[in-house]
Colleague: 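Input: one structure, supplied below.
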Amino acid sequence: MIRDKDVLNQITDTIRQFVNNQLIPMEHWVAENDRLPDDIISQMRELGLFGLTIPEEYGGLGVTMEEEVTLAFELGRTSPAFRSLIGTNNGIGSSGLVIDGTEAQKQKYLPRLASGEIIGSFCLTEPDSGSDAASLKTTAIKDGDTYVINGTKRYITNAPEAGVFTVMARTDPQNKRSGGISAFIVESDTPGITLGKIDKKMGQKGAHTCDVIFDNCVVPADALIGGVEGVGFKTAMKVLDKGRLHIAAASTGAATRMLDDALHYAVERKQFGQPIANFQLIQAMLADSKAEIYAAKSMVLDASRLRDEGKDVVTESSCAKMFATEMCGRVADRAVQIHGGAGYIADYGIERFYRDVRLYRLYEGTTQIQQIIIARNMIKEVSE
Ligand code: COS
């Protein structure tokens with residue numbers, strides 16, 4: 001759903017110019033220095049990019065899902081590290097509060113997340129609990145009017161920058177599956193929290209992940225999201241349903257950029273006395289990529305519109321995430337191939353994209369988890 005086409009076009013144009021003029025020129029610097037320049041972060045704040053999805057009454061722009069993915073198509077066209085910094089505030093680092101938080105929790109944190117004053121981060125994954133999220137071992141044991149949290153969270157995006165964590169922890173240790181899990185909003189300077197060293201990743205330099213360790217970390221009882229125990233797993237799943245659509249859009253944006261780079265290279269690069277774009281084997285790679293990007297974009301928009309209509313889009317969200325991220329991987333591979341030897345050389349940037357986008361098929365649920373969700377829902381529907 002687009003609330004006002006002119007306003008959306010204006011925001012999209014602003015972001016497109018920001019990506020083209022400010023972010024793309026800094027991609028190499030970010031990869032070399034493994035951080036974002038401070039002035040870029042300030043500009044992101046000024047543009048309101050940290051609060052795109054946060055409801056207007058809490059200081060954000062309150063974009064709809066269709067508007068969000070439209071903007072993510074643009075933000076996806078540059079190094080994922082830029083989008084990653086604002087990504088958690090607009091997605092998994094705030095959605096738990098937006099979807100299930102109490103009014104007091106929303107009032108307390110959402111305005112600061114929307115302005116970019118603090119960064120939000122989502123703590124679900126653990127050393128022994130990745131795809132099987134319901135098996136998580138971190139505990140939050142009630143003690144008077146507090147909870148005591150113990151456990152380790154792993155690969156937590158933006159944890160080194162975070163001011164506040166959404167933490168999934170087991171409040172009922174007797175219940176070993178999803179029903180024993182609750183979600184908490186925890187400030188990062190709470191005593192008992194330490195961070196591991198920043199992970200060395202395959203790509204996405206400038207976007208940081210690390211362990212978050214809770215050692216007898218005492219939080220007030222009102223840190224329990226929504227004030228209800230035992231529904232934290234469902235909160236996490238709802239957060240991910242939305243997050244997966246965003247990642248699908250970002251992957252589509254990245255594929256668009258890589259195809260654009262490959263097309264320009266193919267038109268300029270001459271072999272056998274003519275641009276390689278004249279060769280049909282190159283054309284096949286360009287055409288397949290174009291069609292697949294179009295398909296992904298259509299899926300993402302369709303699923304987003306359905307979500308805006310209030311429909312259950314668990315299946316569609318997983319379909320879009322699976323297709324768009326796998327498509328993005330194929331386009332990355334073809335883009336390197338079209339660049340030939342240059343595709344393997346850092347100066348051309350395409351090898352960096354190839355490594356950066358590999359993560360899209362893994363986080364917020366691997367492709368195999370999306371397949372399981374889609375197939376399970378199909379089987380459930382036919383059995384009912
Ligand atoms: N929205 C709301 N509720 C949901 C839901 C959703 N999208 N998905 C599941 N639930 C509910 C179920 O209805 C069920 O509720 P009841 O107990 O009341 O029946 C409960 O949650 C448990 O669901 P389910 O039985 O499907 O859980 P499983 O343990 O079988 O696992 C998967 C579900 C595999 C889909 C889940 O663990 C998952 O998504 N894993 C990937 C985790 C992930 O993406 N990690 C990335 C890290 S964050 S960057």
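No hydrogens, no waters, no symmetry mates; every other heavy atom, side chains included, goes into these values. Counting convention: from 1, in listed order, for ligands and their atoms alike. Start at 1 with the first residue, then count along the sequence.
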Colleague: What protein heavy atom is closest to atom 46 (C) of ligand 1, reported as residue, atom name and distance in Å?
Modeller: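 Nearest neighbour among protein heavy atoms for atom 46 (C) of ligand 1, to 0.1 Å: G365 N, 3.6 Å.
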Colleague: Give a yes-or-no answer on whether the side chains of E126 and T138 include a donor-acceptor pair shorter than 3.5 Å.
Modeller: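 There is such a pair (donor and acceptor under 3.5 Å, judged by atom type) between the side chains of E126 and T138.
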Colleague: Quick one, I2 and T64 - any side-chain contact, counting heavy atoms below 4.5 Å?
Modeller: no
Colleague: Near A134, which atoms of ligand 1 are under 4.0 Å from a heavy atom of that residue?
Modeller: 29 (O)
Colleague: Looking only at protein heavy atoms, which one is nearest to atom 23 (O) of ligand 1, and what is the separation?
Modeller: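 Result: F233 CE2, 3.8 Å.
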Colleague: Pairing donors with acceptors under 3.5 angstrom, does anything connect the side chains of N377 and T315?
Modeller: yes
Colleague: Answer with yes or no whether the side chains of S317 and D241 bring together a donor and an acceptor at under 3.5 Å.
Modeller: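 Absent: no donor and acceptor within the cut-off.
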Colleague: Within the 3.5 Å criterion, strictly below it, is a donor on H246 or R83 matched to an acceptor on the partner's side chain?
Modeller: yes
Colleague: Do T152 and D211 pair up side chain to side chain, a donor and an acceptor below 3.5 Å, judged on atom types alone?
Modeller: no
Colleague: Hey, are D199 and T209 close enough side-chain-wise for a donor-acceptor pair under 3.5 Å?
Modeller: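 Their side chains do contain a donor-acceptor pair, which is all the 3.5 Å distance test asks for.
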Colleague: If you have a sec, work out which protein heavy atom is nearest atom 47 (C) of ligand 1 and how many Å separate them, to one decimal?
Modeller: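 Checking every protein heavy atom, the shortest distance to atom 47 (C) of ligand 1 gives T125 OG1, 3.3 Å.
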Colleague: For atom 12 (C) of ligand 1, what's the nearest protein heavy atom and its distance?
Modeller: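 Looking only at protein heavy atoms, the one closest to atom 12 (C) of ligand 1 is K234 CE, 4.6 Å.
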Colleague: Within ligand 1, which atoms have a heavy atom of V314 less than 4.0 Å away?
Modeller: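 Counting atoms of ligand 1 from 1, those under 4.0 Å from V314 are 7 (N).
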Colleague: Atom 20 (C) of ligand 1: protein heavy atom closer than 4.0 Å?
Modeller: yes
Colleague: Where on T366 is there a heavy atom closer than 4.0 Å to ligand 1, on the side chain, on the backbone, on both, or on neither?
Modeller: neither
Colleague: Using 30° and 60° as the class boundaries, would you call the ring planes of F165 and F214 parallel, tilted or perpendicular?
Modeller: perpendicular
Colleague: Run the numbers for me: atoms of ligand 1, each under 4.0 Å from some heavy atom of K238, listed by number.
Modeller: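 So the atoms of ligand 1 that pass are 1 (N), 2 (C).
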Colleague: Nearest protein heavy atom to atom 6 (C) of ligand 1, by residue and atom, and its distance?
Modeller: M237 CB, 3.4 Å
Colleague: Which heavy-atom pair separates M327 from A296 by the least distance, and what is that distance?
Modeller: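 Smallest interatomic distance, heavy atoms only, reads CE-CB, 3.6 Å.
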Colleague: Would you check whether I372 reaches within less than 4.0 Å of ligand 1, judged by its heavy atoms?
Modeller: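 The answer is no, since I372 has no heavy atom less than 4.0 Å from ligand 1.
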Colleague: Considering only non-hydrogen protein atoms, determine which one is nearest to atom 22 (C) of ligand 1 and report residue, atom name and distance to 0.1 Å.
Modeller: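 Residue, atom and distance for the closest contact: S178 OG, 3.3 Å.
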Colleague: With heavy atoms of I373 as the reference, note each atom of ligand 1 found under 4.0 Å away.
Modeller: 35 (C)
Colleague: Among protein heavy atoms, which lies nearest atom 24 (P) of ligand 1, and at what distance?
Modeller: R376 NH1, 3.9 Å
Colleague: Is there a polar contact between ligand 1 and D241, counting only N or O atoms under 3.5 Å apart?
Modeller: yes
Colleague: If I compare all heavy atoms of E74 with all of V19, which pair ends up nearest, and what's the gap?
Modeller: O-CG2, 3.8 Å
Colleague: Specify whether the nearest protein heavy atom to atom 1 (N) of ligand 1 is under 4.0 angstrom away.
Modeller: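 It does; a protein heavy atom is within 4.0 Å.
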Colleague: Taking heavy atoms and a distance under 4.0 Å, where does R244 meet ligand 1: side chain, backbone, both or neither?
Modeller: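 Near ligand 1, R244 shows its side chain, while the N, CA, C and O stay back.
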Colleague: Are S131 and ligand 1 in contact, using a heavy-atom cut-off of under 4.0 Å?
Modeller: yes
Colleague: Name the residue from I92, I247, T125 that meets the side-chain contact (heavy atoms from CB on, under 4.5 Å) definition with Y363.
Modeller: I247
Colleague: Whether the Y109 and E187 side chains hold a donor-acceptor pair (N or O, under 3.5 Å, no angle test) is what I'd like checked.
Modeller: yes
Colleague: Checking a contact table here: which protein heavy atom is nearest atom 29 (O) of ligand 1, and how many Å away?
Modeller: R177 NH2, 2.8 Å
Colleague: Is there a polar contact between ligand 1 and Y363, counting only N or O atoms under 3.5 Å apart?
Modeller: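 No, there is no polar N/O contact under 3.5 Å.
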